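Being a predicted model, the structure only gives us computed values, none of them experimental. Both ligands and their constituent atoms are indexed starting at 1 by order of listing.
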Amino acid sequence: MGSRARHLRLVPVVAAASVALAALLGARAGAVEEEHDPLGYVVDRAALDDPATVAEGAELFRIGCVSCHGPGGVGSPRGPAITDAGAASAHFYLTSGRMPHAGAPDEQARRKPPAYTHEEIEDLVAYVASLGEGPEIPDVHLEEGDLQEGGDLFRGNCAACHSATGAGGALSYGQHAPSLDVATPVQIYEAMIIGPGQMPVFSPEAFSEEELNSIVRYVETLQGLGDPGGFSLGRIGPIPEGFVALVIGTGGMMLTVFLIGRRRHGEAEPPSEPVRPADASTGAGR
Ligand code: HEC
Ligand code: HEC
C-alpha cells in the first residue's frame with residue numbers, strides 16, 4: 001500500500017514536468033513569431049509614389065547599383081536590366097540582403113543582413129519601381145490562408161527544391177534552394193511572384209491570392225516546427241528533435257509504468273478491494 005501511494009504521488013510530478021516542457025516550447029514558438037513580424041519589413045506604400053523618395057533612391061542607386069545595373073537600370077555585363085523588376089523584386093532583394101551583389105555576375109546572390117536601413121530600402125524600392133512596370137509589394141493576409149491547402153500546394157510545388165521541411169537543398173550548376181526558416185511572410189509571397197534566380201515564378205494565373213496566402217501560412221508553420229533535417233526547435237538552440245521526443249516519450253512511459261504497476265498491485269492483493277472495477281478502468285494499456 002505504501003509503495004502504491006508513492007507511485008500516485010509521482011504521477012502529478014511527471015504530468016507537471018510534461019506540461020512545463022510543452023509550455024516552454026510553446027513560449028519559444030511565440031517568440032519566433034515576433035521575430036518574424038512582417039511589418040518590420042514592409043515599407044510605407046504611399047511614400048513610394050513621392051517624388052522626393054524616388055529622388056533619394058536615385059541618388060543611392062547611383063552610388064551603389066549603377067556600376068552593375070547601368071544608368072536607369074538598363075543593365076550591364078555585370079548585372080541584368082531591372083527596369084521591369086518592380087517594387088516587389090527590389091524589396092525582396094534588398095530586405096534579404098541579396099543586393100548589392102557580392103559575387104561574380106553568374107554567382108547566386110546570397111541572403112545576407114541588409115546593407116541599407118529601412119528608409120534607404122524604401123527610397124531604393126521607390127526608385128526601382130519608378131523605372132517601369134513590375135509587381136507591387138504584396139499585401140499578405142495570413143488569416144485568409146488555409147493551412148491544409150497550403151501544405152498540399154507546398155508539397156506539390158516547392159518541396160522538390162526546398163525539401164518537405166523547408167530546409168533547402170542543392171540544385172544543378174552549383175546553385176541551391178535556400179532554407180526557408182528566416183524568410184518573412186512578405187518575402188515568401190514576393191519570392192513566389194518574382195521567382196528569384198533559378199526559382200520559377202508562381203504567377204497570379206497559376207495561384208490565386210488565397211492560395212498564395214495559404215502557402216505563406218504553411219511555410220510560417222514549418223518555421224515554428226523544427227525538424228531533424230536542420231531547423232532548431234523554437235530556436236532554443238540546436239537541440240535535436242529526438243531529444244525532446246525522448247523526454248516527452250520517457251515521461252509518458254513512466255506514467256504508463258506507474259499506472260500498470262498500480263493495477264498489478266491491486267490484483268496481487270488476495271482480498272481484492274471492492275473498488276477494483278473502477279480501479280482497473282483508470283489503468284493505462286487496456
Ligand atoms: C556587383 C554587381 C551588382 C550590384 C552592385 C548590384 N546588383 Fe543587383 N543584381 C546583380 C546581379 C548579377 C543580379 C542577378 C542575380 C540574381 O538574380 O540572383 C542582380 C539582380 C537584381 C535584382 C533582381 C532582378 C530581377 O530580374 O528581378 C534587383 C531588383 C536588383 N539586382 C537590384 C539592385 C539594387 C537596388 C542594387 C543597389 C543597392 C543592386 N542591385 C546592386 C548585380 C548587382
Ligand atoms: C526549381 C526549384 C525551386 C522551386 C520549385 C521553388 N523554389 Fe523557392 N527558391 C529557389 C531558389 C534557387 C531560391 C534562391 C534564389 C536566389 O538565388 O536568390 C529560392 C528562394 C526562395 C525564397 C527566399 C528564401 C530566403 O530566405 O531568402 C523563398 C521564401 C522561397 N524560395 C519559397 C518558395 C516557395 C513557397 C515555393 C513553392 C511555391 C518555391 N520556393 C519553389 C528554388 C525553388
Side-chain angles (χ1 to χ4, degrees), residues 36 41 57-70 73 75-112 114-116 120-129 131-132 134-135 145 150-164 166-203 206-207 211-220 222-223:
H36 284 251
Y41 275 123
E59 184 56 18
L60 290 170
F61 191 86
R62 196 180 58 76
I63 300 165
C65 322
V66 151
S67 59
C68 294
H69 291 292
S76 87
R78 286 155 56 80
I82 54 169
T83 43
D84 285 328
S89 178
H91 185 256
F92 174 84
Y93 274 86
L94 290 167
T95 57
S96 70
R98 284 179 167 80
M99 289 296 135
H101 200 349
D106 57 345
E107 220 170 273
Q108 184 173 9
R110 305 265 154 177
R111 191 183 178 103
K112 302 185 290 291
Y116 295 94
E120 290 168 337
I121 288 177
E122 199 164 285
D123 296 342
L124 281 163
V125 167
Y127 176 69
V128 174
L131 298 174
D152 290 344
L153 291 171
F154 183 87
R155 283 182 290 275
N157 297 283
C158 322
C161 292
H162 290 284
S163 94
L171 303 172
S172 51
Y173 304 111
Q175 304 265 318
H176 79 282
S179 153
L180 301 182
D181 66 343
V182 289
T184 67
V186 172
Q187 289 170 342
I188 298 166
Y189 201 119
E190 284 170 344
M192 291 190 283
I193 61 173
I194 66 168
Q198 299 281 300
M199 179 167 159
V201 175
F202 294 90
S203 66
F207 289 142
E211 287 172 322
L212 291 168
N213 280 314
S214 297
I215 298 174
V216 175
R217 197 168 155 202
Y218 182 74
V219 174
E220 280 287 288
L222 282 182
Q223 293 178 339

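- Near Ile188, with a cut-off below 4.0 Å to any heavy atom, the atoms of ligand 2 are 29 (C).
- Of all the heavy atoms of Phe202, the ones lying under 4.0 Å from any atom of ligand 2 belong exclusively to the side chain.
- The shortest separation from a heavy atom of His176 to ligand 2 is under 4.0 Å, placing the residue in contact.
- At least one N/O/S atom of His162, from backbone or side chain, sits under 2.8 Å from atom 8 (Fe) of ligand 2.
- Residues Arg217 and Glu220 are not paired through a salt bridge, judged by the lack of any N-O separation under 4.0 Å between the basic side chain and the carboxylate.
- Among all heavy-atom pairs drawn from Glu211 and Leu153, the shortest one is CB-CD1, 3.7 Å.
- Residues Leu94 and Ile121 come closest through the heavy atom pair O-CD1, 4.0 Å.
- Here the closest non-hydrogen pair linking Cys158 and Ile215 is SG-CG2, 4.4 Å.
- Under 3.5 Å, the side chains of Ser76 and Arg78 contain no donor-acceptor pair of N or O atoms.
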Ligand-protein N/O pairs under 3.5 Å (ligand 1):
residue: ligand 1; atom: 7 (N); partner: His69; partner atom: NE2; Å: 2.8
residue: ligand 1; atom: 9 (N); partner: His69; partner atom: NE2; Å: 2.8
residue: ligand 1; atom: 17 (O); partner: Tyr93; partner atom: OH; Å: 2.9
residue: ligand 1; atom: 27 (O); partner: Ser89; partner atom: OG; Å: 2.8
residue: ligand 1; atom: 31 (N); partner: His69; partner atom: NE2; Å: 2.8
residue: ligand 1; atom: 40 (N); partner: His69; partner atom: NE2; Å: 2.8

TODO: Determine, step by step, whether Leu212 and Ile193 satisfy the side-chain contact (heavy atoms from CB on, under 4.5 Å) criterion, reporting the C-alpha distance in whole Å, the side-chain angles of both residues, the deciding distance to 0.1 Å, and the verdict.
DONE: CA-CA 9 Å; Leu212 291 168; Ile193 61 173; 4.1 Å; yes
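- Within ligand 2, counting atoms from 1 as listed, the ones closer than 4.0 Å to a heavy atom of Pro200 are 1 (C), 3 (C), 4 (C).
- Scanning all heavy atoms of the two residues, the minimum distance from Ala167 to Ser163 falls at N-OG, 3.2 Å.
- With ligand atoms numbered from 1 in the order given, ligand 2 contributes 22 (C), 28 (C), 29 (C), 30 (C) to contacts under 4.0 Å with heavy atoms of Ala191.
- The minimum heavy-atom distance linking His101 with Glu107 is given by the pair NE2-O, 3.0 Å.
- For ligand 2, the atoms closer than 4.0 angstrom to any heavy atom of Ile215 are 35 (C).
- The aromatic rings of Phe202 and Phe207 lie parallel to each other, their planes meeting at an angle below 30°, with 60° marking the opposite boundary.
- Under 4.0 angstrom from ligand 2, the non-hydrogen atoms of Leu171 all belong to its side chain.
- Residue Asn157 has at least one heavy-atom neighbour below 4.0 Å for each of these atoms of ligand 2: 5 (C), 37 (C), 41 (C).
- What you find for Ala191 and Met199 is that their closest heavy atoms are O-CE, 3.5 Å.
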